[in-house]
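Scroll down for the structure; my scribbles are underneath it.
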Amino acid sequence: MQSKRHSPRLLIPQKLLRVLLVLSSSTGPLAGIYSGWTGSKVKQPYDAFLLLDFEATCERGKGFDYPNEIIEFPICLMRWKDRDGDKASQLEVVAEFRSFVKPSWRPNLSEFCTELTGITQQDQVDAAPSFPAVLRSVRAFLVEHKLIEKHGKRRLRFCWCSDGPFDIRDFLVKQLFISQVPMPEWMAGDVLDVRSVVAAHTSGRQVRRQPQHGPWAGIGLNIPAQLSALGLPPFEGREHSGIDDVRNLAKILKKLAFMGIRLQPNAAVNPRRRWAWMGKSGQILE
DNA sequence: TTTAGTCCAGACAGGTTAAG
DNA sequence: CTTAACCTGTCTGGACTAAA
């Protein structure tokens with residue numbers, strides 16, 4: 001039976017202690033609130049930012065050496081609110097674009113994919129336009145917001161941004177191959193990988209260190225962890241929903257701008273990159 | 001297969017207390 | 001004094017995670 005011995009010491013559970021330690025340390029969720037508060041304007045070479053986060057078809061365990069087809073194409077357009085010459089510090093979302101995309105090679109989503117992204121087969125994917133059609137809508141969106149001319153030439157200095165270098169470098173390049181569409185000139189060029197900027201400015205206070213070598217080198221923090229590392233409120237919406245991911249990414253970019261970080265491309269895109277499953281003229285080898 | 005970090009449970013050592 | 005019960009800190013190993 002239980003002994004009825006009383007304890008003379010003040011007992012503080014170890015778990016509680018650990019929580020208190022995390023809250024009070026400079027690596028805790030409150031760190032960014034104090035450390036990143038600047039708001040001073042710095043030279044910014046871009047007029048506008050197009051934040052992108054594709055969702056794509058996927059199979060459990062197949063990894064990324066796979067013909068992923070884009071099924072959601074969400075964009076947040078951000079512009080400077082306080083531009084003064086070429087200096088600025090405050091970014092805001094001024095427009096959004098969102099379309100689902102109907103895949104052509106494997107039009108049926110796996111259960112894993114539906115569960116991961118929350119995207120539904122009937123209502124969203126089956127009813128969606130094909131990728132080339134969505135690309136035309138995106139171009140119209142950019143024309144409407146005066147980023148490009150009708151024929152596609154750039155009017156403003158803008159930069160595509162994503163969480164990691166993967167979206168345009170891998171998913172778009174794969175999709176262009178599958179749809180047999182050339183890289184639009186208004187999407188060509190290097191991109192801003194927001195995640196690596198966050199990694200560069202949160203190292204030292206190590207919320208989570210990332211591998212320096214090997215296949216996972218540079219993968220870094222996911223969006224919720226980046227929000228936490230910057231002292232921002234938690235993720236809003238549904239993770240792996242493209243539009244929600246991109247809205248949360250917008251908060252991260254806004255914060256980085258406010259911290260006085262110059263926002264410019266940092267990841268190269270090779271539109272001619274090929275994967276092993278790519279056959280001749282858009283054919284997919286299995 | 002590969003990286004590098006976090007988190008958690010379990011084992012263990014050592015200290016303290018009350019019962020025998 | 002000896003011992004069992006209890007508490008704590010430390011260590012270790014395994015599971016888990018990261019673009020879709």
Side-chain angles (χ1 to χ4, degrees), chain A residues 1-19 21-22 25 27-29 51-74 100-101 103 105-106 108-119 124-125 131 160-175 178 191-196 198-199 202-229 235 238-246 248-249 252 267 269 273 275 277:
Chain A
M1 278 277 92
Q2 285 284 335
S3 98
K4 46 317 175 175
R5 188 173 296 143
H6 70 277
S7 162
R9 275 176 291 174
L10 176 63
L11 302 177
I12 302 174
Q14 216 187 335
K15 270 194 179 168
L16 179 61
L17 246 170
R18 219 181 277 180
V19 168
L21 202 71
V22 166
S25 76
T27 70
L51 283 68
L52 181 71
D53 197 285
F54 292 130
E55 301 305 313
T57 57
C58 47
E59 300 267 350
R60 190 190 297 278
K62 289 272 172 77
F64 295 100
D65 186 17
Y66 176 82
N68 309 92
E69 296 181 87
I70 294 170
I71 51 175
E72 184 184 354
F73 198 142
F100 292 101
V101 187
W105 176 58
R106 289 286 145 86
N108 289 325
L109 306 185
S110 67
E111 199 184 316
F112 171 64
C113 182
T114 304
E115 204 174 304
L116 181 74
T117 64
I119 294 172
Q124 297 179 321
V125 155
F131 184 76
W160 291 94
C161 310
S162 56
D163 174 36
F166 315 102
D167 289 80
I168 290 182
R169 191 192 71 186
D170 299 354
F171 293 115
L172 179 66
V173 171
K174 288 177 184 182
Q175 182 66 62
I178 294 167
V191 298
L192 170 54
D193 166 9
V194 177
R195 172 177 295 212
S196 80
V198 174
T202 52
S203 60
R205 31 183 159 136
Q206 59 185 60
V207 173
R208 176 173 172 175
R209 285 292 204 101
Q210 46 188 332
Q212 300 297 310
H213 311 286
W216 298 107
I219 295 292
L221 306 168
N222 61 15
I223 294 177
Q226 291 173 58
L227 289 165
S228 148
F235 191 96
R238 187 198 195 283
E239 273 185 69
H240 294 111
S241 155
I243 192 68
D244 288 340
D245 281 352
V246 96
N248 283 275
L249 196 61
I252 292 169
V269 173
R273 180 167 175 192
W275 279 261
W277 48 265

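Just so it is clear, the structure is predicted and the values come from calculations on it, not from any experiment. Order of the sequence lines fixes the chain letters, A, B, ..., with proteins taken first and strands second; residue numbering starts at 1 for each chain.
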I need the CG-P distance between A:Asp65 and B:dT1, as an integer number of Å. 16 Å
Rounded to whole Å, how long is the line connecting atom CZ of A:Arg169 with atom P of C:dA20? 13 Å
Can you tell me which stems DNA chain B forms when a stem means 3 or more consecutive Watson-Crick or G-U pairs under 3.5 Å? B:3-20 with C:1-18
Expressed in angstrom and rounded to an integer, what is the separation of A:Asp163 atom CG from C:dA20 atom P? 7 Å
Calculate the interatomic distance between A:Trp277 atom CH2 and C:dA20 atom C1'; express it in whole Å. 13 Å
So what does A:Tyr66 touch, heavy atoms closer than 4.0 Å: a base, only the sugar-phosphate, or nothing? nothing
Are A:Asp245 and A:Glu55 side-chain neighbours, meaning at least one heavy-atom pair lies under 4.5 Å? yes
Whole-Å distance between B:dT6 P and A:Leu221 CG? 11 Å
Mark yes or no for whether A:Ser162, through its side chain, and A:Leu52, through its backbone, hold a donor-acceptor pair below 3.5 Å. no
Please report, rounded to the nearest Å, how far the P atom of C:dA20 is from the CG atom of A:Asp170. 12 Å
Residues, nucleotides or ligands: over 12 heavy atoms within 6.0 Å of A:Arg60 CZ: no
Starting at atom CZ of A:Phe54, determine the distance to atom C1' of C:dA20, rounded to an integer number of angstrom. 12 Å
Under 30°, 30 to 60°, or over 60°: which ring-plane class applies to A:Phe131 and A:Phe73, parallel, tilted or perpendicular? parallel
Looking at every strand, decide which applies to A:Asp53 at a 4.0 Å heavy-atom threshold: base, sugar-phosphate, or nothing. sugar-phosphate
Closest heavy-atom pair, A:Val125 versus A:Val101, reported as atoms and distance to 0.1 Å, is CG2-O, 4.2 Å
Value in whole Å for how far the P atom of C:dA20 lies from CD of A:Glu69: 17 Å
Would you please say whether a donor-acceptor pair under 3.5 Å links the side chains of A:Glu239 and A:Asn222? no
